[in-house]
Trainee: 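Have a look at the structure that comes next, please.
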Amino acid sequence: MTPDDHARAAADLLEAERTGEQIGLLSLRHPEIGMDDAYAIQNAIYAQKLAEGRKVIGWKIGLTSRAMQSALRIDIPDSGILFDDMAFQNGGTVPGGRFIQPRIEAEIAFIMKAAIGGPNVTRDDVLAATGHVAPSIEILDTRIQRADPETGKVRTVHDTISDNASNAGVVLGNKRHPADVFDLRWVGALVFRNGDIEETGLGAGVLNDPAESVAWLARRMAGYGQNIEPGNIVLSGSFIRPIECPAGTEIHADFGQFGTVDIKFAE
């Protein structure tokens with residue numbers, strides 16, 4: 001793909017976000033698309049949002065489970081950017097029509113107190129740079145069709161990365177914990193939709209340790225000359241399957257002693 005191709009794809013995705021009308025698969029439009037192309041498109045979206053006055057509040061890591069990596073035939077996670085207009089209050093309501101096809105995932109969030117970056121970052125470095133960890137819900141959306149209606153071809157990892165890793169929102173629970181108080185591998189959640197339990201999972205589903213996921217992100221960002229900055233929220237990756245959230249959905253995520261997170265989607 002050319003730089004002009006990247007810019008056009010980014011503009012189309014931003015327009016889809018504004019209008020609520022999904023675009024077709026970029027992997028069909030550009031069969032040659034690769035990982036570098038996908039992140040170049042994501043970076044073009046990032047630059048445009050900054051130009052519009054948005055601020056970066058953190059990062060999300062996706063595709064951290066073996067099941068999701070196998071489904072997309074990759075062996076590494078992906079990442080996206082959290083902007084200030086993506087933050088929702090715990091117990092709040094997402095306005096009707098805000099998203100196209102919202103889903104949620106349960107995750108452990110890292111709230112950083114120090115910058116961290118470089119090609120050799122370890123989990124211990126991550127824990128030392130973390131101010132607090134917290135229960136969280138990530139809201140996903142897709143500005144790209146999940147499958148092409150004519151061919152049946154499903155989106156690839158290059159489509160999702162281009163689409164800011166399907167990132168759309170973040171809800172932090174009220175509880176905050178020092179990073180070393182809990183064994184994060186054993187922190188889990190019961191996730192309910194409209195009062196019915198839908199999914200359960202443990203932090204170990206995230207690369208066997210959510211802190212390892214954050215270390216991966218720091219190392220990947222180093223290749224682009226970036227760091228995770230103080231105050232950033234890092235969503236370390238989901239340990240449940242995505243839950244569909246049509247209008248009227250109420251989500252309750254119970255992380256036990258770690259805390260709870262709630263969000264509603266307006267009718």
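Computed from a predicted structure; not experimentally measured. Heavy atoms only: backbone and side chains are in, while hydrogens, waters and symmetry mates are out.
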Trainee: Do you reckon Met86 sits in the same ILVMFWY cluster as Leu50, going by side-chain contacts under 4.5 Å, direct or chained?
Mentor: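 Yes, because Met86 and Leu50 connect within a single hydrophobic cluster, where side-chain heavy atoms sit under 4.5 Å apart.
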Trainee: With a 3.5 Å distance limit and no angle check, can you tell me whether Arg241 reaches the backbone of Ser238 through a side-chain donor-acceptor pair?
Mentor: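 Such a contact is absent between Arg241 side chain and Ser238 backbone.
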Trainee: Are the side chain of Arg146 and the backbone N or O of Arg155 linked by a donor-acceptor pair below 3.5 Å?
Mentor: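 No.
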Trainee: Determine whether the side chains of Thr260 and Asp254 contain a donor N or O and an acceptor N or O closer than 3.5 Å.
Mentor: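 Checked: Thr260/Asp254 side chains show no N/O donor-acceptor pair below 3.5 Å.
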Trainee: Is there side-chain contact between Glu250 and Arg193, with at least one heavy-atom pair below 4.5 Å?
Mentor: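 Not in contact.
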Trainee: Thr142 side chain to Ile144 main-chain N or O, any donor-acceptor pair under 3.5 Å?
Mentor: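 Judged by distance alone, yes, a pair lies under 3.5 Å.
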Trainee: Sorted by first residue and then second, give each salt bridge (Lys or Arg N to Asp or Glu O under 4.0 Å) pair with at least one member in residues 38-50; sequence neighbours left out.
Mentor: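 Pairs touching residues 38-50 that pass the test: Glu17-Lys49.
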Trainee: Are Val261 and Ile197 grouped together when hydrophobic residues (ILVMFWY) are joined by side-chain heavy atoms under 4.5 angstrom apart?
Mentor: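 Cluster IDs for Val261 and Ile197 differ.
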Trainee: To check you understand the geometry: which heavy-atom pair defines the closest contact between Val133 and Pro178, and what is its length?
Mentor: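 Val133 and Pro178 have their closest heavy atoms at CG2-O, 4.0 Å.
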Trainee: Can you name the closest pair of heavy atoms from Thr130 and Val126 and give their distance?
Mentor: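 Closest approach of Thr130 to Val126: OG1-O, 2.6 Å.
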Trainee: Which heavy-atom pair separates Ala211 from Leu127 by the least distance, and what is that distance?
Mentor: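 The answer is CB-CD2, 4.0 Å.
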Trainee: Rounded to the nearest 0.5 Å, what's the gap from NE2 on His30 to CG on Leu25? Could you check?
Mentor: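 Output value for this atom pair is 12.0 Å.
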Trainee: Out of curiosity, does Leu184 fall in the hydrophobic cluster containing Leu217 (side-chain heavy atoms, cut-off under 4.5 Å, transitive links)?
Mentor: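 Yes: a chain of side-chain contacts under 4.5 Å links Leu217 to Leu184.
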Trainee: Is there a donor-acceptor pair under 3.5 Å between the side chain of Ser213 and the backbone N or O of Ser236?
Mentor: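 Yes; at least one donor-acceptor contact below 3.5 Å.
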Trainee: So, does Asp78 use its side chain to make a donor-acceptor pair with the main chain of Ala165 at under 3.5 Å?
Mentor: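 No, the answer is negative, given that no donor and acceptor are paired below the 3.5 Å cut-off.
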Trainee: Say whether Arg219 and Asn120, considering side chains only, have a donor N or O and an acceptor N or O under 3.5 Å apart.
Mentor: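 The answer is no; no qualifying pair exists.
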Trainee: For the OH atom on Tyr46, are there more than 12 heavy atoms of other groups (residues, nucleotides or ligands in this structure) within a distance under 6.0 Å?
Mentor: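 Counting neighbours around OH of Tyr46, 12 or fewer heavy atoms of other residues, nucleotides or ligands fall under 6.0 Å, so no.
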Trainee: Is there a side-chain contact between Phe88 and Ile263, using heavy atoms and a 4.5 Å cut-off?
Mentor: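 The answer is yes; the side chains approach within 4.5 Å.
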Trainee: So, His132 side chain and Phe110 main chain: donor-acceptor pair closer than 3.5 Å or not?
Mentor: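 No, the answer is negative, given that no donor and acceptor are paired below the 3.5 Å cut-off.
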Trainee: Between atom CD of Gln48 and atom CG of Leu13, what is the distance when rounded to the nearest 0.5 Å?
Mentor: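 These two atoms lie 12.5 Å from each other.
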Trainee: Between Glu105 and Pro242, is there a side-chain heavy-atom distance shorter than 4.5 Å?
Mentor: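 The answer is yes, as the side chains (C-beta and beyond) meet within the 4.5 Å cut-off.
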Trainee: Please check if any side-chain donor atom of Asp163 sits under 3.5 Å from a side-chain acceptor atom of Ser166, or the reverse.
Mentor: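 There is no such pair (donor and acceptor under 3.5 Å, judged by atom type) between the side chains of Asp163 and Ser166.
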Trainee: Could you please spell out the steps behind the side chain to side chain contact (heavy atoms under 4.5 Å, CB included) verdict for Ser136 and Val171?
Mentor: CA-CA 6 Å; Ser136 71; Val171 190; over 6 Å; no
Trainee: If you compare all heavy atoms of Gly118 against all heavy atoms of Ala222, which two are closest, and at what distance to 0.1 Å?
Mentor: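 Looking at all heavy atoms of both residues, the shortest contact is C-CB, 3.5 Å.
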Trainee: What I'd like to find out is whether the side chain of Ile243 reaches to under 4.5 Å of the side chain of Val191, using heavy atoms alone.
Mentor: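 Ile243 reaches Val191 side chain to side chain.
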Trainee: Mind checking whether Leu207 and Pro77 have side chains closer than 4.5 Å, heavy atoms only?
Mentor: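 Yes - at least one pair of side-chain heavy atoms lies under 4.5 Å apart.
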Trainee: CH2/Trp216 to CD1/Ile61 distance, rounded to the nearest 0.5 angstrom?
Mentor: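 Nearest 0.5 Å value for the CH2-CD1 distance: 6.5 Å.
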Trainee: If you measure only the distance, is there a donor-acceptor pair under 3.5 Å linking the side chains of Ser79 and Arg220?
Mentor: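 Indeed, the side chains of Ser79 and Arg220 share at least one donor-acceptor pair under 3.5 Å.
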Trainee: Listed by chain and number, what are the side-chain hydrogen bond (donor to acceptor under 3.5 Å, both in side chains) partners of Arg54, not counting sequence neighbours?
Mentor: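 side-chain hydrogen bond (donor to acceptor under 3.5 Å, both in side chains) check on Arg54 returns Asp84.
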Trainee: Please report the shortest heavy-atom distance between Gly173 and Asn90, naming the atom on each side.
Mentor: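 Looks like CA-ND2, 3.9 Å.
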Trainee: Around atom CD of Gln89, are there more than 12 heavy atoms of other residues, nucleotides or ligands at under 6.0 Å?
Mentor: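 No, CD of Gln89 has 12 or fewer neighbouring heavy atoms, counting only those of other groups under 6.0 Å.
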Trainee: So, taking the atom named CD in Glu199 and the one named CD1 in Ile251, what distance separates them when rounded to the nearest 0.5 Å?
Mentor: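 If we round to the nearest 0.5 Å, Glu199:CD and Ile251:CD1 are 10.5 Å apart.
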Trainee: With no hydrogens and no angle check, is any side-chain donor or acceptor of Asp141 less than 3.5 Å from a backbone partner on Phe99?
Mentor: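 Answer holds: no.
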Trainee: Check whether the side chains of His158 and Asp37 place a donor and an acceptor atom closer than 3.5 Å, and report yes or no.
Mentor: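 No donor-acceptor contact under 3.5 Å links the two side chains.
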Trainee: Under a plain distance cut-off of 3.5 Å, with no hydrogens placed, do Asp159 and Ser162 share a side-chain donor-acceptor pair?
Mentor: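 Short answer, no.
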Trainee: Do NZ/NE/NH1/NH2 and the carboxylate oxygens of Lys60 and Glu138 come within less than 4.0 Å?
Mentor: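 Yes.
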Trainee: Between Gln42 and Ile161, is there a donor-acceptor pair closer than 3.5 Å when you use the side chain of the first and the backbone of the second?
Mentor: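 Checked: pair present.
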Trainee: Within the supplied structure, the quantity of interest is the number of heavy atoms (other residues, nucleotides, ligands) at a distance under 6.0 Å from Glu150 CD; does it exceed 12?
Mentor: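 No, not enclosed.
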Trainee: Mind checking whether Tyr39 and Leu14 sit in one hydrophobic cluster, side chains of I, L, V, M, F, W, Y counted as touching below 4.5 Å?
Mentor: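 Not linked; separate clusters.
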Trainee: Please evaluate residues Thr151 and Leu28 with respect to the criterion side chain to side chain contact (heavy atoms under 4.5 Å, CB included), reporting the C-alpha separation (whole Å), side-chain torsions for both, the decisive distance (0.1 Å), and the verdict.
Mentor: CA-CA 10 Å; Thr151 65; Leu28 276 180; 4.1 Å; yes
Trainee: So Phe255 and Phe239, would you call those rings parallel, tilted or perpendicular, with 30° and 60° as cut-offs?
Mentor: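 Perpendicular, since the angle between the ring planes exceeds 60°.
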Trainee: Check the hydrophobic clustering (I, L, V, M, F, W, Y; side-chain heavy atoms under 4.5 Å; chains of links allowed) and say if Phe265 and Ile100 are grouped together.
Mentor: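 Different clusters.
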Trainee: Might you work through the side chain to side chain contact (heavy atoms under 4.5 Å, CB included) test for Ile137 and Glu107, ending with a clear yes or no?
Mentor: CA-CA 6 Å; Ile137 286 172; Glu107 311 196 14; over 6 Å; no
Trainee: Under the criterion salt bridge (Lys or Arg N to Asp or Glu O under 4.0 Å), which of Arg18, Arg143, Arg29 is the partner of Asp12?
Mentor: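 Single pass found, and it is Arg29.
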Trainee: Can you confirm whether the side chains of Glu244 and Gln101 place a donor and an acceptor under 3.5 Å from each other?
Mentor: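 Glu244 vs Gln101: no donor-acceptor pair found between side chains.
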Trainee: List for me each residue that meets ring-ring contact (aromatic ring centres under 6.0 Å, His included) alongside Phe83, sequence neighbours excluded, and say none if there are none.
Mentor: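 In terms of ring-ring contact (aromatic ring centres under 6.0 Å, His included), with neighbours along the sequence ignored, Phe83 is linked to no residue.
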Trainee: Might you point out which heavy atoms bring Ile240 and Gly201 nearest each other, and give the distance in Å?
Mentor: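 Smallest heavy-atom distance, with atoms named: CG2-N, 4.0 Å.
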Trainee: Please report the interatomic distance OG(Ser27) to CD(Glu32), rounded to the nearest 0.5 Å.
Mentor: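 If I round to the nearest 0.5 Å, the distance is 10.5 Å.
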Trainee: Begin with the C-alpha distance, continue with both residues' side-chain angles, and end with the deciding distance and a verdict on side chain to side chain contact (heavy atoms under 4.5 Å, CB included) for Trp59 and Ile81.
Mentor: CA-CA 5 Å; Trp59 307 84; Ile81 307 160; 3.5 Å; yes
Trainee: With a 4.5 Å heavy-atom cut-off, do His177 and Phe258 have their side chains touching?
Mentor: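 Counting from C-beta outward, His177 and Phe258 do come under 4.5 Å.
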Trainee: Whether the side chain of Asn232 engages the backbone of Met112 through a donor-acceptor N/O pair (distance < 3.5 Å, no angle test) should be reported.
Mentor: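 Between the backbone of Met112 and the side chain of Asn232 there is no qualifying donor-acceptor contact (under 3.5 Å).
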Trainee: Could you give the distance from CG (Leu140) to CG (Asn164), rounded to the nearest 0.5 Å?
Mentor: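 Separation between the atoms: 11.0 Å.
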